[in-house]
Amino acid sequence: MTQQADLDLLCINTIRTLAMDAVQKAGSGHPGLPMGAAPMAYVLWTRFLRHNPANPDWPDRDRFVLSAGHGSMLLYSLLHLTGYDLPLEELKNFRQWGSKTPGHPESFATTGVETTTGPLGQGFSNGVGLAIAERFLAAHFNRPGHEIVNHFTYALCSDGDLMEGISHEAASLAGHLKLGKLIYLYDDNRISIEGSTDLAFSEDRMKRFEAYGWHVQRIEDGNDIEGIDAAIRAAQEDERPSLISVRTMIGFGSPGKQGTASAHGEPLGADELRLTKEQLGWPLDPPFFIPDQAQEHFRQALTLGAWQEKGWTARFEAYAQTFPELVKEWRQWMHNELPQGWADDLPFFSTDAKGMATRKASGQVLNALAPRLGNLVGGSADLAPSTKTHLEDQADFQSGHYQGRNLHFGVREHGMGAVTNGMALHGGIIPYGATFLIFSDYMRPPIRLAALMGLKVITVFTHDSIGLGEDGPTHQPVEQLAALRAIPGLTLIRPCDANETSEAWRVALEQANGPVALCLTRQNVPTLDREEVASAQGLRRGAYILKDFHVRQEPDIIIMSSGSEVHIALEAAQELVLSNISVRVVSMPSWELFEKQEQDYQDLVFPPGVQVRVAIEAGIVQGWHRFLGLRGRFVGMNRFGASAPYQTLYDKFGLTADRVKQEALHILEKS
């Protein structure tokens with residue numbers, strides 16, 4: 001071996017043994033992937049990755065995604081070794097309470113982790129979003145001789161990532177868009193939890209990616225670091241996204257476990273750990289041993305990264321001298337700031353008994369906002385004509401036309417959710433996606449991860465109830481509102497008319513952290529007379545007193561609702577007041593916003609002494625009891641819908657003013 005080859009192997013084995021020791025100390029974890037994939041990760045991180053460990057937020061850094069998040073100790077080892085703020089003590093605290101080294105990488109917990117991974121396929125698809133963001137920002141900001149956005153997105157993915165359907169969706173989209181700055185290393189170890197991947201995974205993965213339009217290469221020996229080096233260089237020169245399949249041995253170096261499923265997700269054990277270290281020529285003690293030579297070599301990333309960032313800063317300063325207005329916009333976008341006057345063109349809708357669908361109002365609001373928010377970028381899962389999310393005066397984002405703001409995700413709801421997460425993670429973009437509410441079921445994993453990471457992602461869900469009518473129960477969401485409300489950190493807003501829809505967009509765009517789901521109608525709903533009822537600005541507080549009918553000191557009954565059923569609540573109140581019953585109608589578009597309000601405000605809207613309450617919503621009851629109390633009644637769905645005109649469905653399922661009135665009278669009679 002040459003001196004350099006000796007140093008390379010020393011560094012690779014440092015990664016391996018840190019992972020082994022951390023998993024062993026924790027008593028749980030996944031040592032196999034880090035042990036097998038260490039060589040390719042070493043090559044990428046020491047020879048290619050442009051990053052500055054002293055400034056992990058440098059905007060033009062390369063991004064690295066560990067899609068195979070179970071191999072988290074691979075990433076934690078690299079972060080520590082290259083000089084990120086991740087002390088060795090944190091590696092020793094792997095998977096422990098309060099540590100910065102959780103079992104799977106969490107972007108909010110660990111400096112240098114670009115995205116939260118673990119659910120397989122999500123990181124793969126986040127990477128596509130990162131690459132889309134890079135191309136859009138480059139097209140928008142770069143000028144001849146002044147390039148301030150030019151970086152790669154790398155990922156390490158596993159057999160499991162490629163099995164998951166979401167990766168197929170995202171890979172197909174990436175190939176179509178020719179995202180040439182996207183390079184994935186595939187840890188082809190051919191082992192899953194149950195055993196050999198031959199049990200369930202026998203297609204030619206490389207031919208599949210070739211069919212997607214990717215540049216594919218194969219490295220037959222996972223320890224061939226020069227072959228890996230050459231493959232990454234070739235990938236950098238290709239205009240297509242790249243997949244480099246690297247044939248590795250899971251648990252490499254372990255005499256009794258390498259190449260077996262037992263190396264995947266459990267500690268090696270004290271005896272096997274000793275035998276493995278002996279085979280690798282590694283000292284048995286102390287654990288977490290880092291040779292000085294290896295440490296010095298890895299820490300060159302600090303010097304190199306500082307130099308690379310300094311060069312970029314000089315280019316940026318020259319750019320700022322020439323393009324001051326673009327720099328102002330850049331800083332706004334990258335700091336997630338909204339420009340002055342961004343909401344000046346938000347439309348106000350006139351009173352209209354016929355009204356309009358809130359999806360249509362949303363489309364008008366979106367297009368009014370788009371000229372002032374140049375980084376509002378998104379689209380739908382092949383449903384823009386129905387979701388009304390097409391930006392009318394903007395181009396499409398396509399290969400060679402990356403300045404476009406209309407993204408066509410195709411019929412790929414799951415992929416869309418994870419791609420928009422990646423766009424948000426990159427920074428500089430406010431991403432949105434759109435589909436029918438029923439298909440939120442396909443999107444639940446990325447929505448959950450967006451909430452976990454606190455990402456500013458807006459999802460427009462239309463056709464939000466049985467009100468979509470004739471398409472029937474396969475397309476009529478009844479449990480989806482409850483399912484989304486169950487996700488911590490997600491703000492769901494279901495506006496009752498066009499003006500609440502306008503306010504909903506305002507709230508969604510002002511929210512700095514956490515995803516927002518806008519749930520909108522297919523059918524027309526009346527545009528309320530805001531001189532007769534409260535201002536739609538009450539939406540900002542989640543729930544507000546829409547109107548009090550003949551209220552004495554306190555109402556006799558409170559009727560609460562969201563979305564398209566609010567006008568039914570108003571109609572019921574008008575009937576009840578004829579019987580000299582004092583009624584309060586509360587519009588409740590967002591539980592999450594309401595529960596953030598101070599207790600005094602909550603008690604003002606829902607006086608604790610008023611226990612006669614009725615809620616109406618075209619969904620299931622789950623969750624409403626927290627506002628209804630023990631004596632309250634719910635008018636809604638307790639079964640799947642049916643195929644018929646929506647007016648018929650509301651009548652047949654009892655979502656009517658008369659039903660609300662009867663429920664209210666029934667409670668009052670028992671009082």
Side-chain angles (χ1 to χ4, degrees), residues 349 351-363 383 385-388 435-441 460-484 492 494-498 500-501 518-528 546 559-576 578 585 587-589 614-624 628 633-666:
F349 297 88
T351 304
D352 185 349
K354 179 182 177 183
M356 67 172 69
T358 53
R359 62 169 176 154
K360 183 177 179 182
S362 171
L383 289 170
S386 290
T387 59
K388 311 299 182 186
T435 187
F436 295 169
L437 179 57
I438 193 70
F439 302 131
S440 63
D441 288 344
V460 177
F461 291 120
T462 67
H463 297 58
D464 71 345
S465 73
I466 60 169
L468 67 88
E470 291 86 346
D471 278 343
T474 61
H475 282 55
Q476 291 168 1
V478 294
E479 77 274 26
Q480 280 68 27
L481 290 171
L484 290 173
L492 186 147
R494 188 172 185 245
C496 75
D497 73 348
E500 274 198 2
T501 304
L518 303 179
C519 298
L520 309 171
T521 68
R522 176 186 184 272
Q523 76 276 25
N524 288 348
V525 292
T527 303
L528 300 177
L546 189 63
I559 303 175
M560 64 192 81
S561 186
S562 76
S564 49
E565 290 71 64
V566 168
H567 74 278
I568 300 175
L570 285 168
E571 185 181 343
Q574 289 165 353
E575 293 185 14
L576 285 164
L578 295 176
V585 175
S587 177
M588 198 163 192
V614 177
I616 175 171
E617 186 175 67
I620 63 171
V621 67
Q622 185 172 321
W624 275 104
L628 287 170
R633 292 295 186 95
F634 178 74
V635 176
M637 301 294 295
N638 59 10
R639 51 156 286 182
F640 294 116
S643 178
Y646 81 88
Q647 299 94 334
T648 301
L649 293 172
Y650 271 75
D651 182 61
K652 295 294 186 183
F653 287 120
L655 277 85
T656 63
D658 185 64
R659 169 78 183 284
V660 173
K661 174 186 172 183
Q662 295 306 319
E663 293 291 348
L665 291 173
H666 181 76

For side-chain hydrogen bond (donor to acceptor under 3.5 Å, both in side chains), just list the numbers for Ser587 and Glu500, CA-CA rounded to whole Å, side-chain angles, deciding distance to a tenth of an Å, and then say yes or no. CA-CA 10 Å; Ser587 177; Glu500 274 198 2; 2.7 Å; yes
Quick one: do Val585 and Met560 satisfy side chain to side chain contact (heavy atoms under 4.5 Å, CB included)? Show the steps, please. CA-CA 6 Å; Val585 175; Met560 64 192 81; over 6 Å; no
Derivation and outcome, side chain to side chain contact (heavy atoms under 4.5 Å, CB included), residues Arg522 and Tyr646: CA-CA 10 Å; Arg522 176 186 184 272; Tyr646 81 88; 5.6 Å; no
Walk me through it: do Val660 and Val635 pass the test side chain to side chain contact (heavy atoms under 4.5 Å, CB included)? CA-CA 7 Å; Val660 173; Val635 176; 4.2 Å; yes
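Atoms NE2 and NE2, from His475 and His463 in turn, are 8.5 Å apart once rounded to the nearest 0.5 Å. Atoms CD and CD1, from Glu479 and Ile620 in turn, are 6.5 Å apart once rounded to the nearest 0.5 Å. The distance from atom NZ of Lys388 to atom OG1 of Thr462, rounded to the nearest 0.5 Å, is 9.5 Å. From Ser440, atom OG reaches atom CG of Leu484 across 4.5 Å, with rounding to the nearest 0.5 Å. The distance from the CD atom of Glu575 to the CG atom of Leu665 is 10.0 Å, given to the nearest 0.5 Å. Separation of atoms CD1 (Ile616) and OG (Ser561) is listed at 5.5 Å; rounding is to 0.5 Å.
Closest of all the heavy-atom pairs between Ala572 and Ile559 is CB-CD1, 4.2 Å. When every heavy atom of Phe653 is checked against every heavy atom of Phe640, the shortest pair comes out as CZ-O, 3.9 Å. Nearest heavy atoms, Cys496 versus Val525: O-CG2, 3.5 Å. The shortest heavy-atom contact between Gln523 and Gly467 is OE1-O, 3.4 Å. Cys519 approaches Pro495 most closely through the heavy-atom pair O-CD, 3.4 Å. Contact record, Ala618 with Met637: C-CG, 4.0 Å, taken as the closest heavy-atom pair.
With contacts defined as side-chain heavy-atom distances shorter than 4.5 Å, the pair Phe461/Ile438 does not qualify. The closest side-chain heavy-atom distance from Leu492 to Leu481 is below 4.5 Å. At least one side-chain heavy atom of Phe349 sits under 4.5 Å from a side-chain heavy atom of Met356. No side-chain heavy atom of Tyr650 sits under 4.5 Å from any side-chain heavy atom of Pro645. Within the 4.5 Å cutoff, the side chain of Phe439 has no heavy atoms near those of the Gln480 side chain.
Between the side chain of Glu571 and the backbone N or O of His567 there is no donor-acceptor pair closer than 3.5 Å. Between the side chain of Asp497 and the backbone N or O of Leu528, at least one donor-acceptor pair lies under 3.5 Å. Judged purely by atom type and a 3.5 angstrom limit, Thr501 has no side-chain atom pairing as donor or acceptor with the backbone of Ala361. Checked by atom type and distance alone, the side chain of Thr387 pairs as donor or acceptor with a backbone atom of Leu383 at under 3.5 Å. Judged by distance alone, the side chain of Thr521 and the main-chain N or O of Thr358 form a donor-acceptor pair under 3.5 Å.
With sequence neighbours excluded, the residues that form a side chain to side chain contact (heavy atoms under 4.5 Å, CB included) with Ala664 are Ile557, Leu576, Val614.
No side-chain donor from either of Ser465 and Gln476 sits under 3.5 Å from a side-chain acceptor of the other.
Within the structure, every pair that satisfies the salt bridge (Lys or Arg N to Asp or Glu O under 4.0 Å) test and touches residues 463-473, not counting sequence neighbours, is listed here: Asp464-Arg494. Annotation: salt bridge (Lys or Arg N to Asp or Glu O under 4.0 Å) contacts involving residues 647-659, sequence neighbours excluded, comprise Arg659-Glu663.
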